[in-house]
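Report on the structure given below.
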Amino acid sequence: MDTAKRAVLATSVGNAMEWFDFGIYSYLAVTIGKVFFPEMKGGVQLIYSFATFAVAFLARPLGGIVFGMLGDRWGRKRVLAITLILMAVSTLSIGLIPSYETIGSTATVLLLIARLVQGFSTGGEYAGAMTFIAESTPDKKRGVMSSGLEVGTLTGYIAGAAFVTLLTMTLGSETMVRWGWRIPFLVAGPMGLIGYYLRERLEETPAFEAMEEARERESYLSIRDILASYWRTLLIGIVVVFFYNVVNYTVLSYMPSHLSAVLGYGETRGLLLIVVVMAIMIPIVLLMGYFSDRIGAKRVVQGGLAGLVLLSVPSFLLIGNGKVLWVFLGLVILGIFSSSFQGTMPSLLPSLFYTEVRYGALAITYNISASVFGGTTPLVVSWLINWTGDRLIPAYYLVAVSVIGLIVVTKFVKDPSGKALRGSPPAVEEKHEIKEVLQDPEEALWWRDEKEQREKERV
C-alpha cells in the first residue's frame, strides 16, 4: 500500500506541475492576446489567443502515439519522466519569446512552435499518469486513489491561477502586458526538475512488470494491431473523453475569459472566483472517487451527465446575472458536475483496455478526442458567441455533449470498478482478500472470457 501511495503522490505532484505549466496559458489568454496579437481587438483578439491554445492539441495525437507505444515497450515510469521534462522546457521557452512589438510575426511563430511542443509532451503525459496510478493501486480503492491524479490537476490549475491573479493585483494590467506575463512561464524550469526527481524515484507498475515477465521476446502490438483489435473500445473511449474534456475545458480553461471578455467582469475578480470554485472541487473529486469504489464509476458518471443536461442553462443564467453570489453559485454547480468526471475518469478510462496495450490505446483515444473536441472548446465557444451574440452558447454546448455521453455510457460502457483491470491479476490491499480471490478465481479474472471472445472474433 505504501508503494501505491507513493505512486499516487509522485504522479499527482508531477501532474500538478504539468498542468500548472499548461494552465497558466489559459489564465493569461487575454494578456497573451494583447502581447502577440496587438492588431486585433476585443473578442477577435481573444479568438486568436485561444487559437494558439488550441494549436497545441494538433500535436497531442502524435505525442500520444509516440509516447503511448513507448510506454507499452519501455515502461510507464521512464516515459512519464520524459514528458515532464519536455513540458517544462517548452513552457520555459514561452517566457523567453520577444513580444510582437519587438520582432513582429516571428514572435507568433515562436509561440506556436512552443505550444506544439507542449501539446506533443502532454500527449503522453495524462494517459501515462492514468495508466500508472490505475496499475499501482488496489482494485477496491482504485477509484478514490486514482482521483488523486485530478486533485493534482486542480492543484496545478489553482497554483497557476493564483499566481497569475497575485501578479495582476501586484503589478497591474499594463505591467503584466509589458513583462509580468513572463514570470509564470519562467517558473516552469525549476518546477520541472522537482517533478522529474519525484518520478525517477518511482518503481515500475506491478501490472507492467508482470506482463513483461510473461511476454514473449519482442511480441509487441503495432498501431495497426491496436486499431484492428480494439476499434470498438477506441470509439467508446473517444466519446467518453469527448464529454469529459468539453466539460473540463469549459469550466477550467474557458470560464476565466468568459467572465472577463464576454461578461465584462474584472480580470482579477473573475480569476478569484474560479480559484475558489476549484478549491471547493478538490474534496468533491475525492468524494466522487470514493463513491465510484462503492457504487461504480459508471453510475457516478451518469449522474453527472444527467445533472448537466438539466442544470447547464440555469447555471449560465446565474453566471450572467451579474451579482457575485449568483455567479459563484452557477460556477459551483458546474464545478460539482465536472468533479463527478474528474473523480472517476482516471480509474474508468484505463480499465477499458488490456495491460499490453493500455498506455498506447489510451493515449491514442484520449488525445484524438482531446484534440478534436477538448482543446478546441474555448475557441469554438468564443467564435460562436462572437457570431451569434448569445451568451448561453456554452450551456447549449454542454447540454448537447452530455446527452451524447449519457447515451454512450449507458449502452456501451462496462464498469469494472472494484475488480481487476483487464489483462491484469487482482491487486489486493489486505491479506484476507487473497483468500477471497482464491475462492472464486474465475470471478477474479473476469476478463478472460471477454478476451477469449475477442480472440475468436479476430480469427
Side-chain angles (χ1 to χ4, degrees), residues 16-38 40-57 87-88 90-102 107-108 110-119 122 153-189 191 249-263 265-275 278 375 377-379 381-382:
M17 294 177 180
E18 189 96 11
W19 284 99
F20 173 88
D21 294 351
F22 207 77
I24 54 178
Y25 190 95
S26 301
Y27 302 113
L28 286 169
V30 175
T31 302
I32 287 173
K34 296 176 182 177
V35 173
F36 290 97
F37 307 101
M40 308 297 175
K41 301 297 178 185
V44 176
Q45 190 178 76
L46 184 62
I47 290 172
Y48 272 78
S49 182
F50 274 132
T52 57
F53 177 83
V55 76
F57 289 80
M87 174 62 95
S90 58
T91 306
L92 175 66
S93 67
I94 291 177
L96 300 174
I97 299 173
S99 67
Y100 184 93
E101 291 183 354
T102 304
T108 306
L110 292 174
L111 176 64
L112 291 175
I113 292 172
R115 291 289 298 154
L116 286 170
V117 176
Q118 276 190 325
T122 305
T153 297
L154 287 169
T155 302
Y157 264 102
I158 290 171
F163 196 19
V164 170
T165 303
L166 180 63
L167 284 174
T168 303
M169 292 173 63
T170 304
L171 301 176
S173 297
E174 292 185 6
T175 304
M176 284 295 291
V177 172
R178 286 201 305 270
W179 56 267
W181 66 272
R182 299 181 184 276
I183 297 175
F185 293 101
L186 297 177
V187 173
M191 288 183 65
Y249 279 99
T250 297
V251 176
L252 300 183
S253 298
Y254 171 73
M255 287 310 298
S257 297
H258 181 79
L259 291 174
S260 60
V262 178
L263 300 181
Y265 282 66
E267 290 181 28
T268 301
R269 184 167 64 165
L271 286 173
L272 282 173
L273 282 173
I274 299 296
V275 169
M278 286 192 292
T377 294
L379 175 63
V381 171
S382 298

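Heavy atoms only: backbone and side chains are in, while hydrogens, waters and symmetry mates are out. By convention here, the first residue in the shown sequence is residue 1.
Annotation for L96 and R182: closest pair C-NH1, 3.7 Å, computed over non-hydrogen atoms. Closest of all the heavy-atom pairs between W179 and I183 is CZ3-CD1, 3.8 Å. Residue M176 comes nearest to L167 through the heavy atom pair SD-CB, 3.7 Å, listed as atom of the first residue, atom of the second, then distance. Across all non-hydrogen atoms, the minimal contact from A114 to I94 is CB-CG1, 3.5 Å. The nearest pair of heavy atoms linking L28 to P184 is CD1-CG, 4.2 Å.
Panel note: side chain S90, backbone M87; a donor-acceptor pair is recorded below 3.5 Å.
Contact check for V381 versus Y249: no side-chain heavy atoms found under the 4.5 Å cut-off. The side-chain heavy atoms of I32 and L111, taken from C-beta on, include a pair separated by under 4.5 Å. The shortest distance between side-chain heavy atoms of M278 and V251 does not fall below 4.5 Å. Residues F163 and V187 meet the side-chain proximity criterion, which asks for heavy atoms closer than 4.5 Å. Side-chain contact between V164 and T31 is absent, with no heavy-atom pair separated by less than 4.5 Å. Contact annotation: the side chain of I24 approaches that of F185 to within less than 4.5 Å [non-hydrogen atoms, C-beta and beyond].
Under the rule for a side chain to side chain contact (heavy atoms under 4.5 Å, CB included), the partners of T102 that lie at least two apart in sequence or sit in another chain are P98, S99. A search for side chain to side chain donor-acceptor pair (under 3.5 Å) contacts involving T250 returns nothing, not counting sequence neighbours. Under the side chain to side chain contact (heavy atoms under 4.5 Å, CB included) criterion, A107 pairs with F36, I97, I103, not counting sequence neighbours.
For the atom pair CD of Q118 and OG of S93, the computed distance is 7.5 Å after rounding to the nearest 0.5 Å. Once rounded to the nearest 0.5 Å, the distance linking CG of L112 with OG1 of T108 reads 7.0 Å. Taking CZ of R178 as the reference point, atom CG of L171 lies at 9.5 Å (rounded to 0.5 Å).
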